[in-house]
S.K.: 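Got a structure for you, written out below as structure tokens; questions coming shortly.
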Amino acid sequence: GAGVSQSPSNKVTEKGKDVELRCDPISGHTALYWYRQSLGQGLEFLIYFQGNSAPDKSGLPSDRFSAERTGGSVSTLTIQRTQQEDSAVYLCASSLQRGEETQYFGPGTRLLVL
Amino acid sequence: GENVEQHPSTLSVQEGDSAVIKCTYSDSASNYFPWYKQELGKGPQLIIDIRSNVGEKKDQRIAVTLNKTAKHFSLHITETQPEDSAVYFCAAKKVAGNQFYFGTGTSLTVIP
């Protein structure tokens, strides 16, 4: 079946511009995570959505970062006024439900801020 | 919060040899420990996991061991093959929590 998809696969932008990254989770998965992976580093938790509950935003690094999940499915991560340190791979993962720990990751969006 | 440390950062082994990657965690409330394999240009993929009520779990050539007292867990790959070459990440999570805490990854190279 279809896995987690992310778009775009690559994004190059200029410092100060806004970017939107999209994640399509596996159909029926109620839990959705966003992570940031910097070069040579582990995965840094950004935000977690579970069904209709308020998202856990505790990992967002600054108020330039925001995310929403419409209709409990597709999610968009927005970075405003991008900085060079925002350059990284942004990964999305979904799981069937809270308490079901198996996460399925998308291929990621590689963001480069010039 | 939780702090997960992973060693080594790089590992090279001859094909057919075993590879061992170790992780330590700081929060004794963590009770779920997955391992992920990430190939170049792809997202991480779960390869094996273990919960704190179990000391060891095996799946063909892959095994994971957990020492709750010492707060460390390890990934063991036997009879390594070139296709095992990838970056491996460990993680820790509390069942009641939302966050997974990841190690910094181990780049494994299996030399044919």
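No experiment lies behind these values; they were computed from the predicted model shown. Labels below follow one simple rule: chain letters A, B, ... track the order of the sequence lines, proteins then strands, and each chain is numbered from 1.
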S.K.: So for B:Pro34, is it side chain, backbone, both, or neither that comes closer than 4.5 Å to the heavy atoms of chain A?
M.R.: neither
S.K.: Test salt bridge (charged side-chain N to carboxylate O under 4.0 Å, His left out) on B:Glu39 and B:Lys37; report intermediate values, then the result.
M.R.: CA-CA 7 Å; B:Glu39 297 176 329; B:Lys37 175 183 181 182; 3.6 Å; yes
S.K.: At a heavy-atom separation under 4.5 Å, does A:Leu91 approach chain B through its side chain, its backbone, both, or neither?
M.R.: side chain
S.K.: With a 4.5 angstrom heavy-atom cut-off, is it the side chain or the backbone of A:Gln37 that approaches chain B, or both, or neither?
M.R.: side chain
S.K.: Please state whether the rings of A:Phe105 and B:Phe102 are parallel, tilted or perpendicular, taking 30° and 60° as the class boundaries.
M.R.: perpendicular
S.K.: What part of A:Tyr35 lies closer than 4.5 angstrom to a heavy atom of chain B: side chain, backbone, both or neither?
M.R.: side chain
S.K.: For B:Thr106 and B:Gln6, test the side chains for any donor-to-acceptor distance below 3.5 angstrom and give the result as yes or no.
M.R.: yes
S.K.: Give, as side chain, backbone, both or neither, the part of B:Tyr101 having an atom under 4.5 angstrom from any heavy atom of chain A.
M.R.: neither
S.K.: Among the options A:Gly108, A:Pro107, A:Gly59, pick out the one with the most heavy-atom pairs lying under 4.5 Å from chain B.
M.R.: A:Pro107
S.K.: Could you have a look at B:Gly41, B:Gly105, B:Ser9 and say which one has the most heavy-atom pairs with chain A under 4.5 angstrom?
M.R.: B:Gly41
S.K.: Roughly how far, to the nearest 0.5 Å, is OG of A:Ser94 from OH of A:Tyr33?
M.R.: 10.0 Å
S.K.: Would B:Gln99 and A:Ser58 count as having a side-chain donor-acceptor pair, cut-off 3.5 Å?
M.R.: yes
S.K.: Which pair of heavy atoms, one from A:Ser95 and one from A:His29, lies closest together, and at what distance?
M.R.: O-CB, 3.3 Å
